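A quick write-up on the structure given underneath.
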Amino acid sequence: MAETTPQDAAPLSESEIVAARRAKLKRFRDELGFEPYGQRVDGLVPLADARALFSEEAHAAHEAASKLAKDAKAAGAAAPQEVPDARPVAKVAGRIVQHRDMGKLVFLFLRDATGDLQVSISKAAIAANSFELAKAADYGDILVVEGPVGRTQKGEVCVWATDVSLGAKSLAAPPEKWHGLSDPELRYRRRYVDMYANPETAKVFAMRARIVSRIRRFMDARGFLEVETPVLQPIAGGAAARPFTTHHNALDMPLFMRIAPELYLKRCMVGGMRKVYEINRNFRNEGIDRSHNPEFTAMEVYEAFGDYGTMMELTESLIHELAVSMVAERQAAGLRVDPNGPVLPWGDLAIDYAKPFVRVKFEELFRRGTGVDMRDFKAVRAKAREVGMHHEAKLDDWLVVNELFEELAEPLIDPCRPTFVTDYPSAVSPLTRPSRTDPAICERWDIFIGGMEVGPAYTELNDPDIQLAKFTEQLKGADDEESTFRTLDEDFVEALRVGMPPAGGLGIGIDRLVMLLTDSASIRDVILFPLLKSMGGPGAGDTATDAEGTKA
RNA sequence: GAUUGCGUAGCUCAGUCGGUAGAGCAGCGGCCUUUUAAGCCGUAGGUCCUGGGUUCGAAUCCCAGCGCAAUCACCA
């Protein structure tokens with residue numbers, strides 16, 4: 001039938017591959033009688049489970065029986081008494097990631113989320129159409145295979161297929177079978193390929209799922225109630241960030257994607273929920289880099305009658321517990337673990353999550369980094385000029401303190417030890433509650449791990465008059481651009497007037513935490529579908545395969 | 001937003017001093033009943049990211065743009 005396809009169309013190279021696969025699809029359906037897109041299959045087991053079914057005794061018994069039968073046949077004797085095949089039978093499905101055609105024997109590897117397993121298809125042991133299917137199947141096709149679990153001569157555990165059918169024909173050109181997809185751009189844009197071509201990718205997202213589920217169990221066990229608050233908000237509050245804007249047609253009403261759930265969670269506390277949390281997707285219309293994606297997942301926690309110290313204990317216990325569970329996972333996976341405690345690798349670092357985490361006051365760290373007292377503004381400004389901060393004269397005293405802190409004190413934090421920096425100056429945290437004993441500082445901490453800021457916590461402000469005053473002051477400072485999305489949330493102030501109990505509040509960047517716990521260098525490695533610029537015009541968003549549907 | 005680097009076949013990558021494009025895998029046609037990135041024979045496949053410029057001649061040099069990455073700035 002090859003003669004029937006002369007070079008009439010001179011198709012693009014990409015569609016040559018696709019066209020070949022379409023031709024196969026047609027052949028599978030019309031000549032071999034397989035539905036190329038499969039149907040429901042009951043009784044499937046994951047590939048790892050099928051592999052675990054392998055029994056050396058059953059395999060040996062079967063080999064011996066086969067040899068007897070073969071010898072008898074060769075000698076022209078009558079067939080020996082048939083021995084029942086004791087090998088366990090498995091029905092499996094997976095994507096073809098290796099395919100070796102030996103003529104009358106075909107070896108291929110299937111892959112699913114649990115791993116790879118070889119399937120061996122002998123022409124003598126299977127229907128002709130199934131054999132032809134296995135022989136002609138392409139990398140990337142999804143097969144359903146049933147048969148006894150045995151071994152090959154080289155010791156590879158495999159399913160000796162007695163039945164093969166199609167789960168789905170893949171029309172797309174597959175990635176390189178040995179190197180997989182390594183171009184980071186292609187991995188992000190075609191994550192669905194990355195996920196099967198690079199098993200490490202799939203593992204990270206499975207770990208992420210377990211981490212999030214452990215976080216929920218931890219919070220639930222401590223009596224916190226998980227709630228869901230609006231993503232679409234008429235006023236984007238709770239953080240200082242630029243929001244995405246959108247619009248509700250029926251209400252003809254401008255809306256913002258939330259930048260934080262804070263003000264709604266506090267309303268929940270006004271309503272009587274004492275311990276609440278939300279694992280929330282936030283959206284911030286800002287820059288993108290290794291630790292920032294425009295939409296990101298955080299957990300916010302509020303505990304009535306707690307404070308920032310309550311939140312510190314909770315955070316420390318939670319992160320410690322997560323680290324311990326990750327160490328256990330690594331151990332179970334056969335990776336070497338530090339015998340001395342919960343230590344996890346992150347790039348070149350080995351981060352030690354042993355309790356207690358380091359605690360250091362802002363003021364003390366500032367003194368260590370700069371050699372001056374942060375309240376001695378003369379000395380602070382002198383230091384600023386000394387290190388070449390040219391715009392020092394234009395800044396408020398406390399802003400100079402803040403900049404010097406970031407430049408000279410933050411680098412002193414040991415990236416290998418989770419560290420709480422506590423008691424920030426009130427002036428740089430305008431919405432936080434000042435300390436009762438020292439109004440110059442406020443009850444806030446930030447936790448740093450691996451050089452990244454993973455989250456802040458506060459003793460929350462619950463005096464409606466102070467809150468209103470602070471909001472108003474903040475609005476005055478907003479420039480024209482900001483004022484288009486900064487609005488006073490009067491309803492929130494009204495809620496505080498109803499009365500919110502004193503509380504501790506916490507925010508943890510889940511993506512960053514997952515990066516740390518899974519040894520991922522970029523936030524894009526822990527977000528399934530990170531935002532990328534679209535290529536070409538609108539709608540031309542995807543790469544490579546977008547031509548396939550229109551050709552052939 | 002700034003700086004630097006990268007962009008070559010579906011994928012992974014070579015491409016020397018500027019002389020008109022290469023390999024492996026994948027594909028296609030064969031052979032092969034124990035392979036482990038299987039092997040062997042044959043074959044096809046290119047907008048060298050895009051657009052300008054320099055040059056007799058550009059994948060290569062220059063300029064601009066697009067995309068990605070790293071670093072910085074901002075933020076969580």
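Note that the structure is a prediction, hence the values are computed from the model and not measured. The basis for the numbers below is simple: all heavy atoms, side chains too, and nothing from hydrogens, waters or symmetry mates. Numbers restart at 1 for each chain; the letters A, B, ... are given by sequence-line order, proteins then strands.
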Under 4.0 angstrom, heavy atoms only, what part of the nucleic acid is A:Phe109 near: base, sugar-phosphate, or nothing?
-> base
Looking at A:Phe107, does the NZ or CZ of A:Arg100 lie under 6.0 angstrom from its six-membered ring centre and within 45 degrees of the ring axis?
-> no
Base of B:A76 and ring of A:Phe296 stacked, centres under 5.5 Å, planes under 30° = yes
Can the positive tip of A:Arg444 be found less than 6.0 Å from the middle of the six-membered ring of A:Tyr458, inside 45° of the ring normal?
-> no
Scan A:Leu532 against the nucleic acid and name what it touches under 4.0 Å (heavy atoms): base, sugar-phosphate only, or nothing.
-> sugar-phosphate
Side chain of A:Asp183 (C-beta onward), nearest among B:U12, B:G27, B:A38 = B:U12
Go through B:A26, B:U34, B:G67 for me and flag the one nearest to the A:Lys177 side chain.
-> B:A26
In residues 132-139 of chain A, what residues come within less than 4.0 Å of RNA chain B, judged by heavy atoms?
-> A:Asp138, A:Tyr139
Can you check whether any acceptor in the base of B:G10 is under 3.5 Å from a donor in the side chain of A:Glu176, or vice versa?
-> no
Counting only pairs under 3.5 Å, give me each side-chain donor-acceptor contact of residues 403-410 of chain A, with atom names and distances, residues two or more places apart or in other chains.
unit_1	atom_1	unit_2	atom_2	d
A:Glu403	OE1	A:His391	NE2	3.1

Determine, for A:Arg151 against A:Glu156, whether the closest basic-nitrogen to carboxylate-oxygen distance falls under 4.0 angstrom.
-> no
OP1, OP2 of B:U33 versus side-chain N and O of A:Thr152: anything below 4.0 Å?
-> no
For the side chain of A:Ser122 and the base of B:U33, is some donor closer than 3.5 Å to an acceptor across the two?
-> yes
Taking atom types as they are modelled, is there a donor-acceptor pair under 3.5 Å from the base of B:C72 to the side chain of A:Asp289?
-> no
With sequence neighbours excluded, residues passing ring pair (Phe, Tyr, Trp, His ring centres under 6.0 Å) with A:Trp346 | none
Assign A:Gln118 to base, sugar-phosphate, or nothing according to its heavy-atom contacts below 4.0 angstrom with the strands shown.
-> base
Closest to the side chain of A:Arg290, out of B:U12, B:C28, B:A70, is B:A70
